[in-house]
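Note sheet for the following structure.
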Amino acid sequence: MADNVYDAIVIGSGISGGWAAKELTERGLKTLLLERGRNVEHVKDYTNANKHTWDYPHRGGRTTQMIEDYPVLKRDYPLNETNLDFWVNEKENPYVELKRFDWYRGYQVGGRSLTWGRQCYRLSDHDFTANAKEGIAVDWPIRYADIATWYSHVERFAGISGSKEGLSHLPDGEFLPPMEMNCVEKDVAHRLARHYKGNRKMIIGRCANLTQPLKTRATCQYRNKCWLGCQFGAYFSTQSATLPAAMLTGNLTLRPFSIVTKILYNKDLKKATGVEVLDSETNEVSTFNSKIVFVCASTLNSTWILMNSATNVWPGGLGSSSGELGHNLMDHHFRCGASGVVEGYEDSYYYGRRPNGIYIPRFRNIFGDKRSYLRGFGYQGSASRQGWGRDIAELSIGAELKEALCEPGPWTMGLGAFGETLPYHENKVSLTDKQKDKWGLPVLEIDAEIKNNETRMREDMITDAQEMLRVAGIKDPKAYDSGYWMGQGIHEMGTARMGLDPKTSVLNKWNQVWDAPNVFVTDGSCMTSASCVNPSLTYMALTARAVDYAFQELKKGTI
């Protein structure tokens with residue numbers, strides 16, 4: 001575009017940014033999509049997608065050099081040599097932890113849409129009304145009816161497989177045929193339903209993996225290598241779905257290696273005029289102008305941009321007039337549950353590597369149940385049979401070992417809980433000059449932790465899992481708690497919440513920044529509470545809804 005002028009600018013190309021770009025361009029708006037990291041081209045740049053364990057120098061593991069270079073990523077499973085390029089260079093992009101916070105980031109076109117877990121669940125009015133009913137934080141400015149049609153809109157395009165269950169607290173969606181449970185899971189589901197008289201239900205996960213072809217995307221091949229990039233386009237990502245749709249319109253300009261350092265605000269016009277961009281390769285600074293700006297850089301980066309856009313009007317940053325910018329940081333706490341060995345299915349097996357598991361929807365603190373804590377949790381898990389990679393203590397070498405490894409091992413089943421974290425005002429991020437990144441920019445200082453409510457919840461998350469496995473006939477299931485630190489769920493939410501009042505929230509019900517009505521924030525930073533379900537589907541729906549509103553307001557000339 002001449003003079004770097006566009007109708008719309010989208011900051012970030014992950015799940016939310018990809019959706020914003022698609023929806024804006026399909027409405028005819030000339031749109032600039034800015035990504036701070038490198039470009040990743042669909043198929044071409046999935047360099048490890050067809051590799052096997054033995055194709056990696058260290059069999060897919062981690063090296064001492066990787067452990068030194070990635071002090072945060074090493075804390076959990078993401079650090080390995082199979083997809084290291086999809087994770088941020090931590091030495092170039094540091095942050096300060098006042099309390100431990102595991103921030104796992106992906107800076108490239110597609111963001112973490114290339115590595116997400118793909119579980120897709122709708123929030124319900126149990127979630128949208130909880131804050132108001134319990135006097136926690138602030139009320140959501142929307143209810144389920146406000147977003148239901150947008151959930152349907154994004155589900156039909158993304159391709160979500162799942163089963164319709166008729167649960168008010170886990171609304172059904174527009175589903176492709178569900179993946180199938182294996183024989184053990186089916187029997188466990190039946191026993192749980194019978195024992196709990198339908199009050200606890202085990203279903204197949206609702207996931208963004210195609211079980212039928214959808215436009216140019218092929219059906220899931222059950223390879224379970226989604227985190228390496230899918231050349232079949234079988235799981236939803238920016239590369240497989242929203243970016244091609246946006247490119248097809250001819251209205252999109254994609255610019256990688258573009259760090260947005262601030263949103264430019266005109267105090268006389270009382271709106272944003274564009275963004276300032278630092279080229280991450282050349283350090284050249286550019287300005288791009290637009291009528292509207294969509295901030296979709298992922299929760300904490302979006303808040304960093306708003307904070308770094310401080311002016312003499314709002315010294316705390318754009319959107320800081322309420323005092324809530326940077327506060328109310330949330331995640332899902334997990335890494336606890338139970339597992340055990342399943343007997344009696346030695347003659348049964350399954351085919352393929354299903355990239356999905358089972359789901360047990362929340363059953364605590366709803367429908368008359370009352371616990372010593374607020375909110376609840378759901379379970380994800382699966383039953384599987386061990387294969388050739390297992391260890392056999394009695395056989396360490398020779399022909400007997402080889403023969404044993406040719407036979408499938410025992411069946412096991414595990415349940416891992418995901419619990420809701422409350423939106424505590426004191427869980428926060430702020431800008432600090434204690435450290436600078438590679439480009440001399442200030443970084444985030446993070447101060448967040450779970451509290452007594454979540455600690456009490458974890459007791460039930462463990463004991464309920466153990467009880468359900470025992471009820472299902474699994475002998476002596478073992479409980480576990482691997483410990484949890486904020487951020488490990490990779491579901492960071494909050495810090496620029498939606499609300500009904502500009503004095504207590506950063507965004508209104510349309511995801512507009514109260515202080516700058518032509519700026520919209522639609523990623524996880526907008527969340528007013530966390531629910532206990534995976535949040536990405538909600539980001540997609542809120543983004544599509546906000547674009548529709550912004551487009552209508554542009555036509556009216558009100559923004």
Side-chain angles (χ1 to χ4, degrees), residues 14-15 18-19 22 40-53 55 60 77-78 82-83 86 106 110-122 151-165 172-186 189 202-245 349-359 380-385 387 416 490 533-534 536-537 540:
I15 282 179
W19 266 102
K22 170 191 175 294
V40 174
E41 292 187 35
H42 187 44
V43 182
K44 171 180 171 290
D45 289 332
Y46 304 152
T47 54
N48 291 339
N50 291 315
K51 287 185 179 179
H52 300 284
T53 302
D55 293 322
Y77 70 91
T82 67
N83 69 347
F86 287 164
R112 288 179 302 190
S113 78
L114 291 170
T115 55
W116 68 309
R118 305 168 311 285
Q119 292 292 295
C120 292
Y121 304 96
R122 297 185 178 198
Y151 275 133
S152 295
H153 174 72
V154 299
E155 286 165 344
R156 284 191 293 265
F157 180 83
I160 312 300
S161 61
S163 59
K164 297 201 173 189
E165 303 291 342
D172 292 329
E174 306 289 333
F175 297 139
L176 297 174
M179 293 183 173
E180 188 175 3
M181 292 190 203
N182 61 43
C183 58
V184 171
E185 292 165 347
K186 289 177 181 177
M202 192 172 101
I203 65 176
I204 192 67
R206 296 171 177 177
C207 70
N209 286 72
L210 300 184
T211 53
Q212 290 178 345
L214 184 61
K215 296 185 178 179
T216 60
R217 298 166 56 201
T219 304
C220 179
Q221 304 297 299
Y222 280 53
R223 301 165 73 239
N224 196 25
K225 293 187 175 185
C226 308
W227 62 94
L228 305 178
C230 180
Q231 65 265 50
F232 306 98
Y235 76 78
F236 173 84
S237 67
T238 296
Q239 275 82 349
S240 71
T242 48
L243 184 57
Y349 201 63
Y350 51 86
Y351 296 95
R353 299 179 180 89
R354 186 189 69 199
N356 186 19
I358 57 86
Y359 189 68
Q380 298 178 32
S382 66
S384 60
R385 197 163 186 184
I490 322 183
V533 301
N534 301 59
S536 294
L537 185 71
M540 299 186 214

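All values below come from the heavy atoms of this structure, side chains included, with hydrogens, waters and symmetry mates left out. None of the values given here were measured: they were computed from a predicted structure.
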Please check if any side-chain donor atom of [X] sits under 3.5 Å from a side-chain acceptor atom of [Y], or the reverse.
{"X": "Thr219", "Y": "Gln221", "value": "no"}
{"X": "Arg354", "Y": "Asn224", "value": "no"}
{"X": "Asp45", "Y": "Gln239", "value": "no"}

Are any of the side-chain heavy atoms of [X] and [Y] separated by less than 4.5 Å?
{"X": "Pro78", "Y": "Trp227", "answer": "no"}
{"X": "Met181", "Y": "Val184", "answer": "no"}
{"X": "Asn48", "Y": "Asn83", "answer": "no"}
{"X": "Pro178", "Y": "Thr211", "answer": "no"}
{"X": "Glu155", "Y": "Cys120", "answer": "no"}

Could you grab the distance from atom CG of Leu114 to atom SG of Cys230, nearest 0.5 Å is fine? 11.0 Å
How long is the span from the CZ atom in Arg122 to the OG atom in Ser152, to the nearest 0.5 Å?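 Nearest 0.5 Å value for the CZ-OG distance: 4.0 Å.
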Atom CD of Glu165: over 12 foreign heavy atoms under 6.0 Å: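 Result for CD/Glu165: enclosed.
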Is Lys215 atom NZ crowded by more than 12 heavy atoms from other residues, nucleotides or ligands, each under 6.0 Å away?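 Open.
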Considering non-hydrogen atoms only, spot the tightest contact between [X] and [Y] and give its length.
{"X": "Val154", "Y": "Leu537", "result": "CG2-CD1, 3.9 Å"}
{"X": "Gln212", "Y": "Pro177", "result": "NE2-CG, 3.4 Å"}
{"X": "Met179", "Y": "Ile204", "result": "O-CG1, 3.4 Å"}
{"X": "Ser382", "Y": "Gly357", "result": "CB-CA, 4.5 Å"}
{"X": "Arg217", "Y": "Ala158", "result": "NH1-O, 2.8 Å"}
{"X": "Ser163", "Y": "Ile203", "result": "OG-CB, 4.2 Å"}

Validation row, ring centre Tyr235 to ring centre Trp116 under 6.0 Å: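 For Tyr235 and Trp116, the ring centres are not under 6.0 Å apart.
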Between Tyr222 and Tyr351, does the ring centre distance come in under 6.0 Å?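 Here the rings of Tyr351 and Tyr222 have centres that are no less than 6.0 Å from each other.
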Do we get Lys225 above Tyr46's six-membered ring, with its NZ or CZ under 6.0 Å from the centre and within 45° of the axis?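 Checked: cation-pi criterion not met.
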Quick one: do Asn356 and Gln119 satisfy side chain to side chain donor-acceptor pair (under 3.5 Å)? Show the steps, please. CA-CA 8 Å; Asn356 186 19; Gln119 292 292 295; 2.9 Å; yes
Taking salt bridge (charged side-chain N to carboxylate O under 4.0 Å, His left out) as the definition, give me every residue that meets it alongside Arg385, ordered by chain and number, with sequence neighbours left out.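 Not a single residue meets the salt bridge (charged side-chain N to carboxylate O under 4.0 Å, His left out) criterion with Arg385.
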